[in-house]
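Predicted model only: the values in this text are computed from it and were never measured.
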Amino acid sequence: MRIGLYGGTFDPIHLGHLIVIENAINQMDLDRVIILPSSNPPHKKNINKTKADLRVEMVYEAIKDNPKIILSTYESSNDEVRYTHETLDYFTSHLSNHEIFYIMGEDSFMTIDSWRNYEKILGYNIIVFARDGIEEDSKLVKKVNKIRKANPNIYLINILNVNISSTLIRTLVKEDKSIKYLVRDEADYIVKNRHLYE
């Protein structure tokens, strides 16, 4: 099987995240995507985050009706920092009979040189989502082409242009505004009933 790994804080998970997953499944013929909420991501160690168990609950509720998306608590089971290269090592060793792809956005890919053991990460199959389309002379395309000289398994694909972010959703909640149609109803219910982001 072809399996994608998609990590993030998902604070909260929103329709933009789900569209990324669906696009990856469709464009890369993935059989499954494992979604990995992170308890303590290294690039957000000093940022206030909703408790991991609540973020995991929102992810579960948002994906439970899609058999192609699987929730993993590998990165959220404790408060340890989990680095991407460790996650990739873990899943490639435990799913050795499958082809593994790491899904990441353009912004993350453009700063990957600052990630721990990034050279190792760039040796894996990587799916990069272009945020605003694929322009042949863009910095993104140039970086992808440069890395492809060492690893041809870097895949650049378009995402539907949906400008939704977790930051936007948290801001709307704080301002007592609706987040309907930005998140699944199940996640909206948890946000309201647990008084998140107020």
Using the side-chain contact (heavy atoms from CB on, under 4.5 Å) rule, take I21 and I35 through it: C-alpha gap first, then chi angles, then the decisive distance, then the call.
CA-CA 9 Å; I21 293 172; I35 191 166; 3.9 Å; yes

Could you give the distance from [atom1] ([X]) to [atom2] ([Y]), rounded to the nearest 0.5 Å?
{"X": "E175", "Y": "E198", "atom1": "CD", "atom2": "CD", "result": "13.0 Å"}
{"X": "I121", "Y": "R116", "atom1": "CD1", "atom2": "CZ", "result": "10.5 Å"}
{"X": "I100", "Y": "M1", "atom1": "CD1", "atom2": "CE", "result": "8.5 Å"}
{"X": "S108", "Y": "I126", "atom1": "OG", "atom2": "CD1", "result": "11.0 Å"}
{"X": "E136", "Y": "K142", "atom1": "CD", "atom2": "NZ", "result": "11.0 Å"}
{"X": "L168", "Y": "L172", "atom1": "CG", "atom2": "CG", "result": "4.5 Å"}

Heavy-atom donor-acceptor pair, [X] side chain to [Y] backbone, under 3.5 Å:
{"X": "H98", "Y": "R2", "result": "no"}
{"X": "S96", "Y": "T92", "result": "no"}
{"X": "R148", "Y": "I154", "result": "yes"}
{"X": "N151", "Y": "Y124", "result": "yes"}
{"X": "H17", "Y": "I13", "result": "no"}

Provide the closest heavy-atom pair for [X] versus [Y] in the form atom of the first, atom of the second, distance.
{"X": "I157", "Y": "A24", "result": "CD1-CA, 4.4 Å"}
{"X": "Y118", "Y": "I112", "result": "CB-O, 3.0 Å"}
{"X": "A52", "Y": "S76", "result": "CB-O, 4.3 Å"}
{"X": "K143", "Y": "M110", "result": "NZ-O, 3.1 Å"}
{"X": "V141", "Y": "E135", "result": "CG2-O, 3.1 Å"}
{"X": "R82", "Y": "T87", "result": "CB-OG1, 4.5 Å"}

Is there side-chain contact between [X] and [Y], with at least one heavy-atom pair below 4.5 Å?
{"X": "F109", "Y": "L122", "answer": "yes"}
{"X": "I127", "Y": "L30", "answer": "yes"}
{"X": "L18", "Y": "R184", "answer": "yes"}
{"X": "Y83", "Y": "N117", "answer": "no"}
{"X": "P12", "Y": "I169", "answer": "yes"}
{"X": "I34", "Y": "L95", "answer": "yes"}
{"X": "V173", "Y": "L196", "answer": "no"}
{"X": "L5", "Y": "F101", "answer": "no"}

Carefully, step by step, assess I3 and D31 under the rule side-chain contact (heavy atoms from CB on, under 4.5 Å).
CA-CA 6 Å; I3 297 175; D31 299 289; 5.6 Å; no

Does a side chain donor of either E80 or S39 reach within less than 3.5 Å of an acceptor in the other side chain?
no

Pairing donors with acceptors under 3.5 angstrom, does anything connect the side chains of Y181 and D188?
no

For N193, look at atom CG and say whether over 12 heavy atoms of other residues, nucleotides or ligands are found less than 6.0 Å away.
yes

Does a sphere of radius 6.0 Å around NZ in K51 hold more than 12 heavy atoms from other residues, nucleotides or ligands, not counting ones at 6.0 Å or beyond?
no

Start with the C-alpha gap between Y6 and V20, add the side-chain angles, then the distance that decides, and say whether side-chain contact (heavy atoms from CB on, under 4.5 Å) holds.
CA-CA 9 Å; Y6 185 41; V20 164; 3.8 Å; yes

Please assess D11 against Y197 for the test side-chain hydrogen bond (donor to acceptor under 3.5 Å, both in side chains), listing each intermediate value before the final yes or no.
CA-CA 9 Å; D11 193 12; Y197 317 126; 2.6 Å; yes

Can we call the ring centroids of F91 and Y74 under 6.0 Å apart?
yes

Cation-pi geometry met for R55 and F10 (6.0 Å, 45°)
no

NZ/NE/NH1/NH2 to OD/OE distance under 4.0 Å, K192 and D185:
no

For the pair E57 and R194, find out whether any cationic side-chain nitrogen is under 4.0 Å from an anionic carboxylate oxygen.
yes

Give the intermediate values and the outcome of side-chain contact (heavy atoms from CB on, under 4.5 Å) for residues L88 and Y102.
CA-CA 8 Å; L88 282 162; Y102 188 74; 3.9 Å; yes

